[in-house]
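In this chain, numbering begins with 1 at the start of the sequence shown. This one's a predicted model, so the numbers in the text were calculated from it and none came from an experiment.
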Amino acid sequence: MLKSKTANCTPADPVPEMAYAVTATWNGGYNGSLKITNSTSTTMKPWSIIVEAEGLDIRNSWGMTATDLGDGTILLEGSGYGEKLSPGR
C-alpha cells in the first residue's frame with residue numbers, strides 16, 4: 001500500500017496529489033499505477049514526494065525515479081519528461 005508521507009516541490013507551497021491503484025496481479029507479484037497530479041495553478045519543477053511503502057519493490061517507472069530510503073519509505077522524484085508538473089497534470 002502506498003500512502004503519501006511528505007511532499008516537496010518548488011515553489012514550496014504546492015503539494016502534488018497522489019493516487020495509486022493495482023492494475024494486475026499474479027502469483028508472487030502485481031503491477032500498479034501511480035498518478036501524481038498538480039491541482040494548483042502553479043507549475044511544480046522539480047517535484048518530489050515520499051511515500052510509505054513497506055516491502056514495496058519498484059522495478060520500473062516512467063517520468064520519475066524511485067529511491068528506497070530504507071525505513072519503509074520511498075522517495076519519488078520527477079525526472080526526464082516527468083520532471084515538470086504543469087497545473088492540472
Check your understanding: Can you find a pair of side-chain heavy atoms, one from Ser48 and one from Leu75, that are under 4.5 Å apart?
Key -> yes
Practice item. Mind listing the closest non-hydrogen atom pair of Asn38 and Thr40 along with its distance? Key: OD1-OG1, 2.6 Å
**Study point:** Non-hydrogen side-chain atoms of Leu76 and Val51 separated by less than 4.5 Å
**Key:** yes
Point to revise | Within one Ile-Leu-Val-Met-Phe-Trp-Tyr cluster: Ile58 and Val22, side-chain cutoff 4.5 Å | key: yes
**Study point:** Side-chain heavy-atom pair Lys35, Met18 within 4.5 angstrom cut-off
**Key:** no
**Study point:** Results of side chain to side chain donor-acceptor pair (under 3.5 Å) for Asp57 - residues two or more places apart only
**Key:** Arg59
Exercise for review: Please tell me if the side chains of Met64 and Trp47 come closer than 4.5 Å, counting only heavy atoms from C-beta onward.
Suggested key: yes
**Study point:** Euclidean distance, Leu69 CG relative to Glu52 CD, rounded to 0.5 Å
**Key:** 12.0 Å
Point to revise | Note, Ile74 side chain near Ile50 side chain (heavy atom, < 4.5 Å) | key: no
Exercise for review: Examine distances only and state if a side-chain atom of Trp62 and a backbone atom of Gly82 form a donor-acceptor pair shorter than 3.5 Å.
Suggested key: no
Review point. Side-chain donor-acceptor pair under 3.5 Å between Glu17 and Thr37, yes or no?
Key: no
Point to revise | Listed partners of Ser33 passing side chain to side chain contact (heavy atoms under 4.5 Å, CB included), at least two apart | key: Thr23
Exercise for review: With rounding to the nearest 0.5 Å, note down the distance linking OG in Ser79 to NZ in Lys84.
Suggested key: 15.0 Å
Check your understanding: Do Leu85 and Ile36 touch side chain to side chain, with heavy atoms closer than 4.5 Å?
Key -> yes
